[in-house]
Amino acid sequence: MPEAAPLFERIDRPRRLPDEVATALIAAIETGQLKPGDRLPTEADLSARFGVARTVVREAISLLRYDGLVDSRRGVGAFVTDPAQRSAFRISPACFEKRKRIVQLLQLRTGVQAEASALAAGMRSKADMRDIDRIFAELEAADRLGPEAALDLRVDSELMLYRRIAEASGNGYYVEVTLMIESTIQNNLRSAFLKNAAACEFGAGILGEHRAVVEALRARDAEAARQATRTRFDRAATRLAQREDLR
């Protein structure tokens, strides 16, 4: 007996109009229809061709400009850049959607990691603290080298730091949730996660956020550990959400 047809069909989520326009412009650049040095059609012209509002076109060009594919000159227009001068971290429209997912994961991590840190402050052993200090030292060293030399190491050290803190809490469920979040990042969002880290997760101020967590754990101060961790992930989510290329 043949299987019955499903009652409902899957609904594909529509893409944002600026992403659609950006994708079309990227395709024109990649296929050579628009060459380095060429000026893009005006906003009014593109708006008419695509049948969208000029604000949509403006946002699409903003995405390409951030990606380094075009260079805008005030009063003149937007021009296709030379490939040799483009950003080392190319960002496609699909990546913007991934960044939104990263914001959501950071929001989830805020609560989970904050409570894991609070518990770890009271439960951690001397061996746990030695491991946490060692991983944080690796994170600091990678940060000093900068994103061009040590981006992967910097990101992996941070993920490992909070996984180890979750383990120090003694609660396996925090570890499971932390591993789930980490797996999602590594398997589905790695590229976007790296690009965001290179853009806004290096520097003394960011290291200070992590250091506050580590120092609270060393002091066995549960409330300080909770607040420091919450502050760290709240700020990371806010930084990413406020980036111009994410809007």
If the condition is side chain to side chain contact (heavy atoms under 4.5 Å, CB included), which residues does [X] pass it with, not counting sequence neighbours?
X: Ala44; answer: Thr42, Arg54
X: Ile185; answer: Leu105, Arg109, Leu159, Ile181, Phe193
X: Ala236; answer: Leu106, Glu201, Arg232, Arg239
X: Ser125; answer: Ala127, Asp128

Taking all atoms of both residues into account, what is the closest heavy-atom pair of [X] and [Y], and its distance?
X: Ala53; Y: Ser47; result: C-OG, 3.7 Å
X: Ala237; Y: Val103; result: O-CG2, 4.3 Å
X: Ala150; Y: Ala142; result: CB-O, 3.7 Å
X: Phe202; Y: Gly146; result: CE2-C, 3.5 Å
X: Arg39; Y: Gly77; result: CD-CA, 4.4 Å

Distance from [X] atom [atom1] to [Y] atom [atom2], nearest 0.5 Å?
X: Asp82; Y: Asp71; atom1: CG; atom2: CG; result: 11.5 Å
X: Asp143; Y: Arg154; atom1: CG; atom2: CZ; result: 5.0 Å
X: Arg164; Y: Ile135; atom1: CZ; atom2: CD1; result: 6.5 Å
X: Ser183; Y: Leu189; atom1: OG; atom2: CG; result: 10.5 Å
X: Gln113; Y: Leu161; atom1: CD; atom2: CG; result: 9.0 Å
X: Met180; Y: Leu108; atom1: CE; atom2: CG; result: 5.5 Å

Do [X] and [Y] come within less than 4.5 Å of each other through their side chains, counting heavy atoms only?
X: Asn188; Y: Arg101; value: yes
X: Glu43; Y: Leu46; value: no
X: Leu64; Y: Ile29; value: yes

Is [X] linked to [Y] within one hydrophobic cluster, defined over Ile, Leu, Val, Met, Phe, Trp and Tyr using a side-chain heavy-atom separation of less than 4.5 Å?
X: Ile102; Y: Ile206; value: no
X: Met160; Y: Val175; value: no
X: Phe79; Y: Val70; value: no
X: Leu34; Y: Ile61; value: yes

Could you work out, with side chain to side chain donor-acceptor pair (under 3.5 Å) as the rule, every residue matching [X], not counting sequence neighbours?
X: Arg163; result: Glu182
X: Arg144; result: none
X: Asp45; result: Arg49
X: Glu140; result: Arg211

**OP:** For Phe233, enumerate each residue passing the ring-ring contact (aromatic ring centres under 6.0 Å, His included) test, keeping only those at least two apart in sequence or located in another chain.
**Re:**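 Expected list: Tyr162.
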
N/O donor-acceptor pairs under 3.5 Å from side chains in residues 165-174, not counting sequence neighbours:
unit_1 : atom_1 : unit_2 : atom_2 : d
Ser169 : OG     : Ala166 : O      : 2.6
Ser169 : OG     : Asn171 : N      : 3.1
Asn171 : OD1    : Tyr173 : N      : 2.9

Subject >> Name of the residue among Thr229, Ile132, Thr231 meeting side chain to side chain contact (heavy atoms under 4.5 Å, CB included) with Val213 >> reply: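 The residue from Thr229, Ile132, Thr231 that satisfies side chain to side chain contact (heavy atoms under 4.5 Å, CB included) with Val213 turns out to be Thr229.
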
Subject >> Set of salt bridge (Lys or Arg N to Asp or Glu O under 4.0 Å) partners for Arg190, sequence neighbours left out >> reply: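 Testing Arg190 for salt bridge (Lys or Arg N to Asp or Glu O under 4.0 Å), a comparison that skips the adjacent residues, returns Asp152, Asp156.
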
List, one per line, each side-chain donor-acceptor pair under 3.5 Å for residues 214-223, sequence neighbours excluded.
unit_1 : atom_1 : unit_2 : atom_2 : d
Arg218 : NH2    : Asp133 : OD1    : 2.3
Arg218 : NH2    : Asp133 : OD2    : 3.1
Arg220 : NH1    : Arg124 : O      : 3.1
Arg220 : NH2    : Arg124 : O      : 3.2
Asp221 : OD1    : Glu223 : N      : 3.3
Asp221 : OD1    : Ala224 : N      : 3.0
Glu223 : OE1    : Arg226 : NH1    : 2.5
Glu223 : OE2    : Gln227 : NE2    : 3.0

